[in-house]
Novice: 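This is the structure I have questions about; it appears just below.
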Amino acid sequence: LMQFYQQTARGLRKPGVANALAVQQVAIAQWFNWSAMFDAFAEIPLSKSTHQTLFKSWQKYVDRRSNPHERGYGERTTVQSWWALWLMESIADPQKGIPWFQQQITEWLTHLPTTRHQLGENYEMLQLLTRDLTEVQSQGKSQYPRFYQVVIPNPDKPT
């Protein structure tokens, strides 16, 4: 349906609409593939306002799908910003980049409580960060797969 709408927009000489639809098609098919999304945002010409709107929409979707504190039905915990969103921002905004992301993470880790009970909502975020960093480091070949299945389970993968 979106392809037909995109063809129609091109036929009506509305390249902005056609390009926005092209980005949305990538987002629907590959929302989880950050490289594909960042490539689409870089390669497909969009007006600044359309780019910002589509990027924020994708960012919110990634947040909803990957945030361990999403409870459904619009109910959300008090954690409004977390490391995955910081990572997206640091990639999208060259002014921020790696130093800004490191600063955000360091600040967050520095201010975390020292016990699990006190960690509250940050506990699952810390688990997710630990699991993701481990997967990145080991390139998906964990040295201790049982440990991570039990201690830091991935809700998207059956155990």
Side-chain angles (χ1 to χ4, degrees), residues 19-20 22-159:
N19 291 345
V23 171
Q24 290 173 317
Q25 287 178 48
V26 174
I28 288 169
Q30 300 191 54
W31 69 268
F32 53 88
N33 183 341
W34 289 22
S35 294
M37 288 302 300
F38 280 110
D39 286 348
F41 282 116
E43 295 168 4
I44 299 172
L46 299 168
S47 70
K48 185 174 182 174
S49 64
T50 301
H51 183 281
Q52 289 174 338
T53 300
L54 290 175
F55 184 81
K56 285 292 179 193
S57 177
W58 172 59
Q59 189 178 40
K60 286 179 184 177
Y61 188 74
V62 169
D63 183 34
R64 260 192 331 273
R65 291 291 306 264
S66 56
N67 187 330
H69 294 117
E70 279 297 324
R71 295 188 179 154
Y73 306 108
E75 185 181 338
R76 231 192 126 95
T77 60
T78 58
V79 175
Q80 296 298 316
S81 185
W82 62 297
W83 65 265
L85 299 181
W86 300 329
L87 182 59
M88 291 177 91
E89 272 188 63
S90 72
I91 295 168
D93 185 348
Q95 299 291 336
K96 291 182 177 178
I98 294 170
W100 180 83
F101 177 71
Q102 288 174 331
Q103 177 186 358
Q104 297 298 312
I105 287 286
T106 302
E107 204 171 293
W108 176 60
L109 292 172
T110 301
H111 293 95
L112 283 176
T114 55
T115 68
R116 179 179 176 182
H117 178 69
Q118 292 172 327
L119 278 173
E121 297 171 343
N122 289 301
Y123 183 74
E124 286 89 10
M125 303 237 176
L126 190 56
Q127 276 186 313
L128 186 60
L129 177 61
T130 303
R131 188 189 72 233
D132 287 352
L133 288 174
T134 302
E135 285 185 16
V136 167
Q137 182 182 21
S138 64
Q139 298 178 353
K141 300 172 187 167
S142 175
Q143 291 178 321
Y144 311 103
R146 272 287 186 225
F147 174 78
Y148 292 105
Q149 285 176 350
V150 175
V151 177
I152 308 173
N154 183 343
D156 297 329
K157 293 181 183 175
T159 53

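Keep in mind that this is a model prediction, so the values were computed, not measured. Heavy atoms only: backbone and side chains are in, while hydrogens, waters and symmetry mates are out.
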Novice: As an exercise, state the distance from CG of Asn33 to CG of Asp39, rounded to the nearest 0.5 Å.
Specialist: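 The CG atom of Asp39 is 8.0 Å from CG of Asn33, to the nearest 0.5 Å.
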Novice: May I ask you to decide if Leu54's main-chain N or O and Ser57's side chain share a donor-acceptor pair within less than 3.5 Å?
Specialist: no
Novice: Quick one, Leu129 with Trp108, criterion side chain to side chain contact (heavy atoms under 4.5 Å, CB included). Give me CA distance, side-chain angles, the key distance, then yes/no.
Specialist: CA-CA 12 Å; Leu129 177 61; Trp108 176 60; 3.8 Å; yes
Novice: Is there a side chain to side chain contact (heavy atoms under 4.5 Å, CB included) between Phe101 and Lys96 once you walk through the steps?
Specialist: CA-CA 7 Å; Phe101 177 71; Lys96 291 182 177 178; over 6 Å; no
Novice: Of the non-hydrogen atoms in Ala36 and Val26, which two are nearest, and what is the gap between them?
Specialist: O-CG1, 4.0 Å
Novice: Measuring from Leu87:CG to Ile105:CD1, what's the distance to the nearest 0.5 Å?
Specialist: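 One gets 8.0 Å once the value is rounded to the nearest 0.5 Å.
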Novice: Any idea how Phe38 and Phe55 line up, ring-wise: parallel (<30°), tilted (30 to 60°), or perpendicular (>60°)?
Specialist: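 Correct class here is tilted.
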Novice: For Trp58 and Trp34, take the angle between the two ring planes, folded into 0 to 90°, and tell me which bin it lands in: parallel under 30, tilted 30 to 60, perpendicular over 60.
Specialist: perpendicular
Novice: May I have the step-by-step check of side chain to side chain contact (heavy atoms under 4.5 Å, CB included) for Glu89 and Trp100, ending in yes or no?
Specialist: CA-CA 9 Å; Glu89 272 188 63; Trp100 180 83; 3.7 Å; yes
Novice: Work out which heavy atom in Pro45 is nearest to a heavy atom in Asn19; give both atom names and the distance.
Specialist: O-ND2, 2.9 Å
Novice: What distance separates Trp82 CH2 from Asp63 CG, expressed to the nearest 0.5 Å?
Specialist: 6.5 Å
Novice: Verify the neighbour count for atom CD1 of Ile28: are there more than 12 heavy atoms of other residues, nucleotides or ligands below 6.0 Å?
Specialist: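 For Ile28, atom CD1 is crowded (more than 12 foreign heavy atoms under 6.0 Å).
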Novice: In Å and rounded to the nearest 0.5 Å, what is the CD1 to CE distance from Ile91 to Met37?
Specialist: 12.5 Å
Novice: Answer yes or no: is there a side-chain heavy-atom contact under 4.5 Å between His51 and Phe41?
Specialist: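 Counting from C-beta outward, His51 and Phe41 do come under 4.5 Å.
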Novice: From Glu107 CD over to Leu109 CG, what is the distance, rounded to the nearest 0.5 angstrom?
Specialist: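 If I round to the nearest 0.5 Å, the distance is 10.5 Å.
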Novice: To the closest 0.5 Å, what do you measure between CD (Gln52) and CD (Gln59)?
Specialist: 11.5 Å
